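Single-structure report; data block below.
All residue numbers refer to positions in the sequence shown, counting from 1. Computation of the quantities below employed the complete heavy-atom set of this structure, encompassing side-chain atoms and omitting hydrogens, waters and symmetry-equivalent molecules. Please read these numbers as outputs of a predicted model, since none were measured by experiment.
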Amino acid sequence: MLRLYLAGLARAALLAGLCALGLSPAGAQTSSPTVDAKALYQQHCASCHGTQRTGLMGPALLPESLERLRPAEAAQVIAQGRPATQMPAFAEQLGAAEIAALAAYIRTPVQPAPRWGDEDIRASRTFTEAPKGEPAQPLWHADPMNLFVVVEGGDHHVSLVDGDRFEVIARFASRFALHGGPKFSPDGRYVYFGSRDGWITKYDLWRLRVVAEVRAGLNMRNVAVSGDGRWVMAANYLPHTLALFDADLHLRQTYRAATLDGKTSSRVSAVYDAAPRKSFVVALKDIPELWEISYDPKAAPIFDGYVHDYKMGEAIAKPGFLGVRRTPLEEPLDDFFFDQSYRNVLGATRPKSGDGAATAQVVNLDARRKIADLPIAGMPHLGSGITFAWNGSTVLASPNLKGGAIDVIDMQTWKPVATIPTPGPGFFLRSHEATPYAWTDSMMSPTAKDTLTIIDKATLKPVATVKEPGKTLAHIEFTKDGKYALASVWELDGALIVYDAATFKEVKRLPMCKPVGKYNVWNKITRSEGTSH
């Protein structure tokens, strides 16, 4: 994913950062043994970030939480602090070698590995009761269904944007490094944010306040909200768990992400809601299994192990409600996408080595087995795929993190129907039912990151481009009616750009601090075919 792109820049960024601090690479290597980085951390950092670097007032400083922060950026933050936060600057207190040593230290594993169990989760929860008699209506005047939630990664804030007037309604601070996309309650009133260091925040969009918070883990991939709004599930890298909460973030159950015999555990790649099935579907990073956890009280019983036919009821049954239904795979899935029926999961597996090849497959959740291989080269990013009608069928279109193309697959035959060229590899593809076009970025390309390519969904050919020269232009999301497309200038001095979706002309620009993603309430809660779910 995006970290693969950043990894290639990490060494160059580190050298640049050290030079900016007045420290040569050679000097860093020879001077580091003379600096006690652990002692420096305990003296200057532990009071805010915790003695085990698991976070307190400040975010967790663990390798798993910092994988997207370049080494040079870590050194710069230590030296210069973070604007609009409580992170102070240490350039006047610490020398260049000490800063470089601290930047390296926070990227090393904590020994012994920190633990985070059920009691820790429960103890972390906070809840704010709503005032008695408070009206159940927004404090602002706009269409609640055409609201955009914009995550600004530059200074860790969220902006709420009116999707009719394109004006900021409110802006508030978020947890450090939100990840996985916010998820909405079915009525669109509440939004749940997940952060890389494990915090889930329930926010009332109407009354503009935090309702509840809980820390589900020490490093978290994403959260999912059930279609009925009753359940929230968190996917953790550290510890190797899933955590299930009710809508107000009371912990109900944790699941160890492990094989049936318990001998091997795994990081959890992702969890998504399959609303028509009344279940959560879970991909595991290190174990070749796909899990389905039903929140339907009438769910069928579960039969583990190898049987002739899962429908025959062989073996000893386990309760289906909130139980783990395992589908064995040949390889673990890193990300995935559902077809319209939610019976099939389309998943991708990352290469095991730098020169290896990614694979993609179709897994049927009812048969609990792979039913097809997807013939997609490069590194498909199926989690950002979209579907649309084409030529009497329905197709999946997916961006590719390595190849400069969009792959289009027929969802009846699972065969490729087109490869649409783009200026470079991209991360996001978006559309809307009311527009004939799909928009994709090339943000993984060093030369074309400033370009959005617009594709005709009928001809499967590029018809136009829009550019923001020298900047990273990415992540389209449409208004509720599909008439406008909003894009992010993915820079600290960035912006939200509103384009007319028919003419591709810029309509308005709102300055923002690295707006990494934007999410339209209506498109998300109605599961628009043109956006991620």
- Apply ring-ring contact (aromatic ring centres under 6.0 Å, His included) to the pair Tyr437 and Phe504, showing each step before the final yes or no. CA-CA 10 Å; Tyr437 305 110; Phe504 320 138; 5.1 Å; yes
- CA sep, side-chain torsions, deciding dist, call: Phe184, Tyr192, ring-ring contact (aromatic ring centres under 6.0 Å, His included): CA-CA 6 Å; Phe184 298 94; Tyr192 295 84; 9.4 Å; no
- Item | Derivation of the side-chain contact (heavy atoms from CB on, under 4.5 Å) call for Asp339 and Thr387 | CA-CA 8 Å; Asp339 69 353; Thr387 62; over 6 Å; no
- Query: Can you check side-chain contact (heavy atoms from CB on, under 4.5 Å) on Tyr203 and Leu208, steps first, answer last?
  - Reply: CA-CA 7 Å; Tyr203 189 86; Leu208 301 179; 3.6 Å; yes
- Check the pair Val149, Phe193 against side-chain contact (heavy atoms from CB on, under 4.5 Å), reporting the backbone distance first and the verdict last. CA-CA 11 Å; Val149 172; Phe193 300 102; 3.8 Å; yes
- Message: What verdict does the side-chain contact (heavy atoms from CB on, under 4.5 Å) test give for Asp493 and Lys471, after you've listed the backbone C-alpha separation in whole Å, the side-chain angles of each residue and the deciding distance to 0.1 Å?
- Response: CA-CA 10 Å; Asp493 57 345; Lys471 306 289 186 180; 3.6 Å; yes
- Can you check ring-ring contact (aromatic ring centres under 6.0 Å, His included) on Tyr484 and Phe166, steps first, answer last? CA-CA 10 Å; Tyr484 298 93; Phe166 304 117; 5.3 Å; yes
- Can you list the steps and then say if Tyr519 with His475 is a ring-ring contact (aromatic ring centres under 6.0 Å, His included)? CA-CA 10 Å; Tyr519 309 86; His475 196 279; 5.5 Å; yes
- Task: Quick one: do Glu529 and Ser431 satisfy side chain to side chain donor-acceptor pair (under 3.5 Å)? Show the steps, please.
- Result: CA-CA 8 Å; Glu529 68 179 21; Ser431 187; over 6 Å; no
- Run the salt bridge (Lys or Arg N to Asp or Glu O under 4.0 Å) check on Asp143 and Arg165 step by step: do they pass? CA-CA 10 Å; Asp143 180 358; Arg165 294 189 295 267; over 6 Å; no
- Task: Show your working on salt bridge (Lys or Arg N to Asp or Glu O under 4.0 Å) between Lys285 and Asp335 and close with a plain yes or no.
- Result: CA-CA 9 Å; Lys285 183 78 171 177; Asp335 65 4; over 6 Å; no
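In this structure, the side chain of Lys183 engages the main chain of Gly181 through a donor-acceptor pair within 3.5 Å. Without hydrogens or angle criteria, Ser185 side chain to Tyr190 main chain gives a donor-acceptor distance under 3.5 Å. The backbone N or O of Tyr237 lies less than 3.5 Å from no partner atom in the side chain of Arg267, so there is not a single donor-acceptor pair. When atom types are taken as modelled, the side chain of Ser174 and the backbone of His156 share a donor-acceptor pair closer than 3.5 angstrom. Remark: side-chain polar atoms of Asn344 are not paired, donor with acceptor, to backbone N or O of Phe338 under 3.5 angstrom. Counting only distance, with no hydrogens or angles, the side chain of Glu152 and the backbone of Cys513 share a donor-acceptor pair below 3.5 Å. A donor-acceptor pair is defined here as one N or O able to donate and one able to accept, closer than 3.5 Å; no such pair exists between the side chain of Asn236 and the backbone of Leu238. Side-chain N or O atoms of Asn146 include one that pairs as donor or acceptor with a backbone N or O of Gly163 at under 3.5 Å. Judged purely by atom type and a 3.5 angstrom limit, Asn523 has no side-chain atom pairing as donor or acceptor with the backbone of Thr531. With hydrogens and angles ignored, the 3.5 Å screen pairs a side-chain donor or acceptor of Ser266 with a backbone N or O of Asp286.
Two residues are said to be in side-chain contact when any heavy atoms from C-beta on lie closer than 4.5 Å; Trp490 and Val516 meet this criterion. Taking the side chain as every heavy atom from C-beta outward, Val271 and Phe280 approach each other to under 4.5 Å. Contact check for Lys415 versus Ile409: no side-chain heavy atoms found under the 4.5 Å cut-off. Two residues are said to be in side-chain contact when any heavy atoms from C-beta on lie closer than 4.5 Å; Ile420 and Val408 meet this criterion. The shortest distance between side-chain heavy atoms of Thr327 and Val363 falls below 4.5 Å. Side-chain atoms of Val463 and Ile455, non-hydrogen and from C-beta on, never get closer than 4.5 Å to each other. Between Leu218 and Asp197 there is no side-chain heavy-atom pair separated by less than 4.5 Å. Side-chain contact between Leu160 and Val158 is present, with heavy atoms from C-beta onward closer than 4.5 Å.
For the atom pair CG of Leu374 and CE of Met411, the computed distance is 9.0 Å after rounding to the nearest 0.5 Å. One distance of note links CZ of Phe176 with CE of Met87; it measures 10.5 Å at 0.5 Å rounding. Atom OG of Ser488 sits about 8.5 Å away from atom CE of Met512, to the nearest 0.5 Å. With rounding to the nearest 0.5 Å, the separation of CE in Met220 from CH2 in Trp199 is 10.5 Å.
The neighbour count for Lys514 NZ, taken as heavy atoms of other residues, nucleotides or ligands under 6.0 Å away, does not exceed 12. Residue-environment remark: CZ (Arg343) stays at or below the threshold of 12 foreign heavy atoms within 6.0 Å. Remark: Trp291 CH2 is packed, more than 12 non-hydrogen atoms of other residues, nucleotides or ligands lying under 6.0 Å away. Within a 6.0 Å sphere centred on NZ of Lys370, heavy atoms belonging to other residues, nucleotides or ligands number more than 12. For Lys508, the NZ atom sits in a packed shell: over 12 heavy atoms of surrounding residues, nucleotides or ligands are nearer than 6.0 Å. Open room surrounds CD on Glu330; 12 or fewer heavy atoms of other groups in view lie less than 6.0 Å from it.
Between Ala257 and Leu284, the closest heavy-atom pair is CB-CD2, 4.1 Å.
Ser528 pairs in a side chain to side chain donor-acceptor pair (under 3.5 Å) with only one of the listed residues (Glu433, His432, Arg430), which is Glu433.
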